[in-house]
Amino acid sequence: MVKPLEGIKIIDFTGVQAGPACTQLLAWFGADVIKVERPGGGDVTRHQLRDIP
């Protein structure tokens, strides 16, 4: 099955919640997403979304 966004490349410079969620949807529709993050730190929410004991 061909996805509607196959062949489209997206460079994602977003951070926090909304931007990565939107680019995830684009990837589900077939886009090739390249996520660019800050060196040494990455996306700030990555550390906030861990399981809390």
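One-based numbering along the sequence shown.
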task = Count the heavy atoms belonging to other residues, nucleotides or ligands that lie under 6.0 Å from CD1 of Ile11, then report whether that count exceeds 12.
result = no

task = Using the side-chain hydrogen bond (donor to acceptor under 3.5 Å, both in side chains) rule, collect all pairs that involve residues 25-39, keeping only residues at least two apart or in two chains.
result = Lys9-Asp32, Glu37-Arg46

task = Provide the full list of salt bridge (charged side-chain N to carboxylate O under 4.0 Å, His left out) pairs with a residue in residues 14-23, sequence neighbours left out, each pair given once.
result = none

Connected hydrophobic set around Ile8, excluding itself, where side chains approach under 4.5 Å = Leu5, Ile10, Leu26, Phe29, Val33

query = If you take all heavy atoms of Gly15 and Pro20, which pair is closest and at what distance?
reply = O-CD, 3.7 Å

request  = Looking only at non-hydrogen atoms, find the nearest pair between Met1 and Glu6 and report the distance.
outcome  = O-OE2, 3.9 Å

